[in-house]
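Values reported hereafter were calculated over all heavy atoms of this structure, with side chains retained and with hydrogens, waters and symmetry mates removed. Every chain is numbered from 1 and lettered A, B, ... according to where its sequence line falls, protein lines coming before strand lines.
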Protein chains: 2
Amino acid sequence: MALIYLDHASTTPPDPRVVAAMEPYWTEHFGNPLSTHPFGEKPREAVEEARGAVASLLGCAAREIIFTSSGTEANNLAVKGLALARAKRGKHLVVSAVEHQSVMNAAQSMAKLGWEVSTVPVDCYGLVDGDDLKGALRADTTLVCVNLANLEIGTLEPVKELAEVVAANSEAAFHADAVQAVGHIPVDVEALGVDLLSVSGHRFYGPKGVGALYFRRGVRLHPLLDGGIQEGGRRAGTENVPAIVGLGEAARIAAAEGEERSARIRRLRDRLHDGLFERIDHLHLNGHPERRLPTHESVCIEYVEGEAMSLFLVREGICASSGSTCSSRALKASHVLLACSLDPAVAQGSLQFTLGAGNTEAEIDKVLDVLPEIVRQLRAMSPLYPRESRPE
Amino acid sequence: MALIYLDHASTTPPDPRVVAAMEPYWTEHFGNPLSTHPFGEKPREAVEEARGAVASLLGCAAREIIFTSSGTEANNLAVKGLALARAKRGKHLVVSAVEHQSVMNAAQSMAKLGWEVSTVPVDCYGLVDGDDLKGALRADTTLVCVNLANLEIGTLEPVKELAEVVAANSEAAFHADAVQAVGHIPVDVEALGVDLLSVSGHRFYGPKGVGALYFRRGVRLHPLLDGGIQEGGRRAGTENVPAIVGLGEAARIAAAEGEERSARIRRLRDRLHDGLFERIDHLHLNGHPERRLPTHESVCIEYVEGEAMSLFLVREGICASSGSTCSSRALKASHVLLACSLDPAVAQGSLQFTLGAGNTEAEIDKVLDVLPEIVRQLRAMSPLYPRESRPE
């Protein structure tokens, strides 16, 4: 049975051009970019070319990009690096209630070291309100973190407006986790007005093992990885040249083809959305109906367990997710859905389809064909499903 | 002109089998190991197989291996993770004077957060003395760091004996940076008696972008990268599956062929050593003549600048290093050579040949052919070279 991959928020298959671009850097151009002899030349040039490509995609200068090993590392570097660098100015951090664990838990690590962390709530769509954010700001706030696009529900935060609120009312830096956004929607750090922004290679057809952090020129960061002089002293360790080259190639592809790619994915996603809401009752869309990523269709299906639906879907060859993959084995209700004030019982029925470049109409139609029947079967076993909703 | 690569301490070319082993994980097996659907299965199995291979090479249990993005990250996790986890027990760290910058600077970062750092000196060979180490231990010492093999000079520390000293006289954990040792000499964590040990993929024919930290079962570590539940909660971020697979393959190759490979490299290195000392006067061997890695021939050539020799060698196609690559662009005298009480003027003439699996006798003979003439030319320009040593 051919498998249907609808879990692109978890990881995307690298574009074949990305894999091809990396290949020479595993073999003939294996050198260390810091080497002053000829083996260092080509790797050094390639790293800087990739830096330029990522910078170009984000609308910043190449010197404002730090390569990391992942989006998680970029988020940790943003939170801890900024907090430590500004420790003398203040020890108060503000994060939204729907941040990825790498932001949430990094902030909690700083809390153990004496920082205070405030969490700003979201509305039922997962949106942060400017007034709520303003109310959370203090004279000693040094960093505000609001993700650009939510990993689980795809909601797009009004980052531009929120960054303006922060700039007008505090000295705090603004960090946007854009791991789920970059490559899928236009992201321009100048237009957004952010100081820090995180990127992950494998979330937009680049390789695993590489991410990037945009840091506005002049924003000081304490390194997370101390050691050699790589990345201007901000991130030590021999550069992962092949993966950096792959990230650069993914950025180039996104700049050239991202808009068309996302438009096509959006049409498939809308087909899925319309079909699901035609065929399944007691269905709840997670996140904002319009202000969300083109890739995401996250729903809660009442009176069904998300985990059970996932397993039944796999039997039909359909691979979706019942929540954030980074915590999927924890089997806890998603903190994002709970932050959206969803009834915990309903949140148990979450199912996340995240579409990608390789999906087809036929694959979407297969989902629309099999999911209603799976839901019917599972609900038939549920004592909670109301009698009046049951088919004759 | 064919280039001769004699800078394997900087980075090694991945074994072709390593590149081949990684390939399917960039393409068909691109899934996220945490996914509960079929796309997660093969990557998850591959990561655990690699963990087993690394554990087998080091003589530990698979659950005692944490994958990181580099040796630098492994060293940072060891130093900061252990220090933070034991903060209530004490805030004193001990490091040898010849540690890699990733250990040195990680310890200095902890110093900024309130820890005290003591540095243990080394003798002229770069060896740490057990009594010196004993003298540095305090009731509040929580961690001792001594590298197993020195990156620059190749000296092998008596880690087993030093770990015994630490165990007999303190509650401190013992960390050995083995980035330069693993794959080149036998490394058995049980025999060494260490609690933490760092590994880097690209230093022994594995890929860049991956490292590992051995942590003895029961040793608590605070994560450096907070976020998802990967690596048992000790290191968040989507696993760099292809690179981890590559590291596993490098470990398997090292276990099967490392001894023969190192014996062959040692013969070439000894040929280089003997030839250099026959042909060049005022030559100083850095590190211990016997207790050193089979790969390393680090020398100081008096009355010559190392940087100038490197450049002249490159004109002959020979790529060596005038010092540690991680700081090579800093143009400072090596802290390792200064710790060995080398005259700073002599330390300026350092030249490091690090040999690898691909080197040949003909390549070594080329070095022996051209270097004496380069030294003669450079010394002829030096006002410091003594007249009585000059040829007629």
Minimal heavy-atom distance between B/Gly237 and A/Thr72, with the atoms involved, is CA-OG1, 3.5 Å
Between A/Glu28 and chain B, which part of the residue has a heavy atom less than 4.5 Å away: side chain, backbone, both or neither? neither
Taking all non-hydrogen atoms of both residues, which atom of B/Glu73 and which atom of A/Ser69 are closest, and how far apart? OE1-OG, 4.3 Å
Segment of B/Ala320 engaging chain A (4.5 angstrom heavy-atom cut-off): backbone
Of all of B/Leu3, B/Leu224, B/Val19, which one pairs up most often with chain A through heavy atoms under 4.5 Å apart? B/Leu224
Taking all non-hydrogen atoms of both residues, which atom of B/Thr238 and which atom of A/Arg203 are closest, and how far apart? OG1-NH2, 4.0 Å
Is the B/Tyr5 to A/Phe30 ring centre distance short of 6.0 Å? yes
Residue A/Leu84 versus chain B: region with a heavy atom under 4.5 Å: side chain
For A/Val314, which atoms come within 4.5 Å of any heavy atom of chain B: side chain, backbone, both, or neither? side chain
Report yes or no: does B/Asn76 contribute a side-chain atom to a donor-acceptor pair with the main-chain N or O of A/Asp226 at less than 3.5 Å? yes
Of the backbone (N, CA, C, O) and the side chain (C-beta and beyond), which part of A/His29 lies under 4.5 Å from a heavy atom of chain B, both, or neither? neither
Looking at chain A, which one of B/Pro223, B/Pro207, B/Ser310, B/Ala243 has the largest number of heavy-atom pairs inside 4.5 Å, strictly under? B/Pro207
Over 12 non-hydrogen atoms of neighbours within 6.0 angstrom of NZ in A/Lys42: no
Under a 4.5 Å heavy-atom cut-off, does chain B meet the side chain of A/Leu113, its backbone, both or neither? side chain
Among B/Met104, B/His222, B/Lys80, residue most engaged with chain A (heavy-atom pairs, under 4.5 Å): B/Lys80
Using only atom types and a distance under 3.5 Å, with no angle test, would you say the side chain of B/Asn105 pairs donor to acceptor with the backbone of A/Gly227? yes
Below 4.5 Å from any heavy atom of chain B, which atoms of A/Asn240 appear? Answer side chain, backbone, both or neither. both
In B/Ser322, B/Ser321, B/Cys319, the residue satisfying side chain to side chain contact (heavy atoms under 4.5 Å, CB included) with A/His37 is B/Cys319
Determine, stepwise, if the pair B/Met22 / A/Trp26 fulfils side-chain contact (heavy atoms from CB on, under 4.5 Å). CA-CA 10 Å; B/Met22 291 195 289; A/Trp26 294 118; 3.7 Å; yes
Go through the atoms of A/Thr12 and report whether side chain, backbone, both or neither lie under 4.5 Å from a heavy atom of chain B. backbone
Does a donor on one side chain sit under 3.5 Å from an acceptor on the other, for A/Asn32 and B/Ser10? yes
Considering all heavy atoms of both residues, which atom of B/Gly31 and which atom of A/Thr11 are nearest to each other, and what is their separation? C-CG2, 3.7 Å
Specify which of B/Ala107, B/Gly246, B/Ala236, B/Gly317 makes the most heavy-atom pairs with chain A at under 4.5 Å. B/Ala236
Looking at chain B, which one of A/Lys112, A/Glu23, A/His202 has the largest number of heavy-atom pairs inside 4.5 Å, strictly under? A/His202
Using the side-chain contact (heavy atoms from CB on, under 4.5 Å) rule, take A/Ser35 and B/Asp7 through it: C-alpha gap first, then chi angles, then the decisive distance, then the call. CA-CA 9 Å; A/Ser35 289; B/Asp7 194 13; 3.4 Å; yes
Tell me, for A/Arg235 versus chain B, whether the close heavy atoms (under 4.5 Å) come from the side chain, the backbone, both or neither. side chain
Quick one: of A/Gly71, A/Gly114, A/Ser70, A/Ser109, who has the most non-hydrogen atom pairs under 4.5 Å with chain B? A/Ser109
